[in-house]
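Here is the structure we will look at, set down as structure tokens.
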There are 4 protein chains.
Amino acid sequence: MAQNSTSTSHDYEEKLQGLLDVAATIFADKGYHHASIRDLSRKAGVSLSGLYYYFSSKEELLYMIQERSLRRIVDSLRDKLEDLDNPEEKLRALVHNHVSFYVSNMAAMRVITQEYDALEGEYRTKIRERRLEYSNLCTEILREVRRFTGGGDVVPLNVATFALFGMMNWIYAWYRPGSNVPTERLAEHLYRLFAGGFTGARRR
Amino acid sequence: MAQNSTSTSHDYEEKLQGLLDVAATIFADKGYHHASIRDLSRKAGVSLSGLYYYFSSKEELLYMIQERSLRRIVDSLRDKLEDLDNPEEKLRALVHNHVSFYVSNMAAMRVITQEYDALEGEYRTKIRERRLEYSNLCTEILREVRRFTGGGDVVPLNVATFALFGMMNWIYAWYRPGSNVPTERLAEHLYRLFAGGFTGARRR
Amino acid sequence: MAQNSTSTSHDYEEKLQGLLDVAATIFADKGYHHASIRDLSRKAGVSLSGLYYYFSSKEELLYMIQERSLRRIVDSLRDKLEDLDNPEEKLRALVHNHVSFYVSNMAAMRVITQEYDALEGEYRTKIRERRLEYSNLCTEILREVRRFTGGGDVVPLNVATFALFGMMNWIYAWYRPGSNVPTERLAEHLYRLFAGGFTGARRR
Amino acid sequence: MAQNSTSTSHDYEEKLQGLLDVAATIFADKGYHHASIRDLSRKAGVSLSGLYYYFSSKEELLYMIQERSLRRIVDSLRDKLEDLDNPEEKLRALVHNHVSFYVSNMAAMRVITQEYDALEGEYRTKIRERRLEYSNLCTEILREVRRFTGGGDVVPLNVATFALFGMMNWIYAWYRPGSNVPTERLAEHLYRLFAGGFTGARRR
DNA sequence: AATGAATGAGGGTTCATTCAT
DNA sequence: CATGAATGAACCCTCATTCAT
């Protein structure tokens, strides 16, 4: 209950996350390569060298942004799936989870979507694994949906998976939160567009 | 008819297009900001300063790549639409046109998709106009489709438009030509996924 | 006799010497300027700032390493000289003392040999004095040898002195302890090479 | 005979060599790691970035300095050896060649002597080979000398080789050209010191 | 129509050192 | 005694671009 330690790793974590947030914004705005550590230094009010106490390279910074957001989005999805049995509801949960997370973390999600190629070596490998984990989760749900609705397998599951992610990840290019389409509704639109095509694609 | 001048604008045009192609590949690979004019000089076998005879800045290079490809894709679409009356066939033509062009010009299309923000000022304005022209074309077709199939207007047309482009533009992230899904079939898959959802979204 | 204080200058001295040893190794390996205090912090298992309790600057660290080793080598030489009368034996003692100390303190000796120029101001002055003391000792012995063997003074004493130190200080560049030439023998080889030339140089 | 080309690779070579000379001086003065490319830029009157037209990294600069001097000293030695048969004369030529080159190229030679460890990878390998070539040449001459003078093999040839180089390479630490010992005489002193010990070492 | 040589601005990163705790 | 957190200065290097030739 007591919470009286003066300076703990809690402070560190908080400051680090703050830096990651600012960095995500900058990376989203100018692109990873065009963004400079000096930009971050300026916006975060931390000296250039002081930043390196929190990460050891610009690339690690990029990695941390991607890793943390991917983990959060997948964790939050798994949470929601636990309470659901109906495959279509699961798919619906996935879309709503993704879209809602995307909109509230536009910067980080855009970085994930656009700056994967900027990672190299081990960083890239680890992020690839996390992405794969996520898309596999999606593919499995789609498999259940198809089994459940009895649709023909006209469209390969992986094509469908990527089509869905394409629809959702393109959001950054046009959608602005606070527009006349609320996020909830946007998610529902995308869900219906995709699900309608996916389950209905059998007849033809 | 005469073609006897030793060095004509034909040569110039050919060489320029060659440079644009190489540049598109590099920009697609490394991203606009990370790519360097030196990379282009090396890959194209032209001296660094020699390049500046063909374009006046790196940004103009980026602009030309985007402008030319956008023009070609829209022109080719308009061509195909002329012969069609059925709205669903028009939508189908749009998807096939986009996907087929995308796959055979992966580099340039990726640059269009990902490096729009790298443009500034007048360049950006002009490309925005071309993009708008293209997406308006799409929205109009969707409007016709909806009128034709009599679907309810659950999903706003602009949302649908962007969803469709999202699906198609995500191709670069996963599809490799020569895979076991031929381009033709890929286009058909995407068309059915989208059209099924878009026209079927009324019932629910 | 009493040794009951919990933390004495003995502890301090011991820890300091440990740090100097580690530092000497690092300086020898990477060179003074290329080595970083962070390297020392890592290798010594002491925090970066914690190091500054033991020395006040990187340069002082370098100074202490050189000063202590120079003092030890000269002290040990003086000790040995006390028991000797024969000039040639004195020269032999000098060579053996130097070589044996050099090999067992390769790191520090290499630092002395190579990083004198890195010192500035007072530090440099003090080390210069110690070096001078040592080389004067050598020159004096050579003078005695020459008087004793009656050789002509073809080779100036200072040239001979530096030639001798050159031979001995180059050891770091090629000799590895544990090779098939034991240190004792190495010293004897160098002694004979030099003494033979120095005392024999008269005839010609 | 005509030599009227306006701007040729001759200019380039000349400028490069000039830069290498200035760089060698700086490296000799401050040490490779402590010296900065900015120092070179300043002293050479060339912009920082302009330097990179002539070399691609600080390390390549170091490599070129070492490589060129090593080649020159070995080439010049081979030249002189061609006219000689007597082994002792060959040894004498080696010492005179080394010392005279050393003194007239003090900076570069000091860099070779002191900054070998700063090289890494391929650069290091190549310089090691050149050094080996040189020291092998020396060892072979010593072998001939021993055979010729019939001395016992008390001192291993490699020990003798390194002792000789040690004597000669220590020059930078004390000798100043223009002192009261002319270079010619210095070389002769060192030759006699070494040769006397090496050939005389048999008697004992 | 093309190039070699050069530049200023800015990039990411490391460094020795400090200071409150 | 020892540390975590921070900093200013300096580092090497790359960049898009220019200009005389």
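All of these numbers come straight from a predicted model, not from anything done at the bench. The analysis underlying the following values was restricted to heavy atoms, covering all of them including side chains, and did not include hydrogens, waters or symmetry mates.
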Leu16(D) CG to dA6(E) C1', straight-line distance once rounded to whole Å | 16 Å
Taking for each residue the nucleotide of DNA chain F bearing the nearest heavy atom, is the 5' side occupied by Gly45(A) or by Ile37(B)?
-> Gly45(A)
Strand partner of dC12(F), provided both Watson-Crick or wobble distances fall under 3.5 Å | dG11(E)
So how far is it from Asp39(C) CG to His34(C) NE2, rounded to the nearest 0.5 Å?
-> 8.0 Å
Counting only heavy atoms not in Glu13(B), do more than 12 sit closer than 6.0 Å to its CD atom?
-> yes
Which base, if any, makes a Watson-Crick or G-U wobble pair with dT21(E), both distances under 3.5 Å?
-> dA2(F)
Can you tell me how far P of dA16(E) sits from CD1 of Ile26(C), to the nearest Å?
-> 11 Å
Among dA2(E), dC15(E), dA2(F), which is the nearest nucleotide to the side chain of Lys15(C)?
-> dA2(F)
Whole-Å distance separating the CZ atom of Arg38(C) from the P atom of dA6(F) | 13 Å
Which listed nucleotide (dT13(E), dG10(E), dT14(F)) is nearest to the side chain of Lys58(A)?
-> dT13(E)
Contact under 4.0 Å: Ser47(D) side-chain N or O vs dT7(E) OP1/OP2 = yes
Nearest-nucleotide 5' precedence on DNA chain F, Phe55(B) against Leu51(C) = Leu51(C)
His33(D) has an atom NE2; how far is it from atom P of dA16(E), in whole Å?
-> 13 Å
Taking the side chain of Ser49(C) as heavy atoms from C-beta outward, which of dT17(F), dG4(F), dC19(F) is closest to it?
-> dG4(F)
Residue whose closest nucleotide on DNA chain E lies nearer the 5' end, Ala35(A) versus Gly50(B) | Gly50(B)
Determine the contact category for Tyr54(C): base if any of its heavy atoms lies under 4.0 Å from a base atom, sugar-phosphate if only primed atoms, P, OP1 or OP2 are that close, otherwise nothing.
-> sugar-phosphate
Interatomic spacing from CG in Leu20(D) to OH in Tyr63(D) - rounded to 0.5 Å = 12.0 Å
Gap between atoms CG and P, on Leu48(B) and dC19(F) respectively (whole Å) = 15 Å
To the nearest angstrom, how far is Arg42(B) atom CZ from dC15(F) atom C1'?
-> 12 Å
Under 4.0 angstrom, heavy atoms only, what part of the nucleic acid is Tyr52(D) near: base, sugar-phosphate, or nothing?
-> base
Grab the NE2-P distance between His34(A) and dG11(E) for me, whole Å please.
-> 9 Å
Taking side chain as C-beta onward, heavy atoms only, is Val46(D) less than 4.5 Å from Lys15(D)?
-> yes
Closest nucleotide among dC11(F), dT7(F), dT17(F) to the Ser36(D) side chain | dC11(F)
Nearest whole angstrom, please: distance from the P of dT18(E) to the OH of Tyr53(C).
-> 17 Å
With a 4.0 Å cut-off, would you call Lys43(A) and Asp29(A) a salt bridge?
-> no
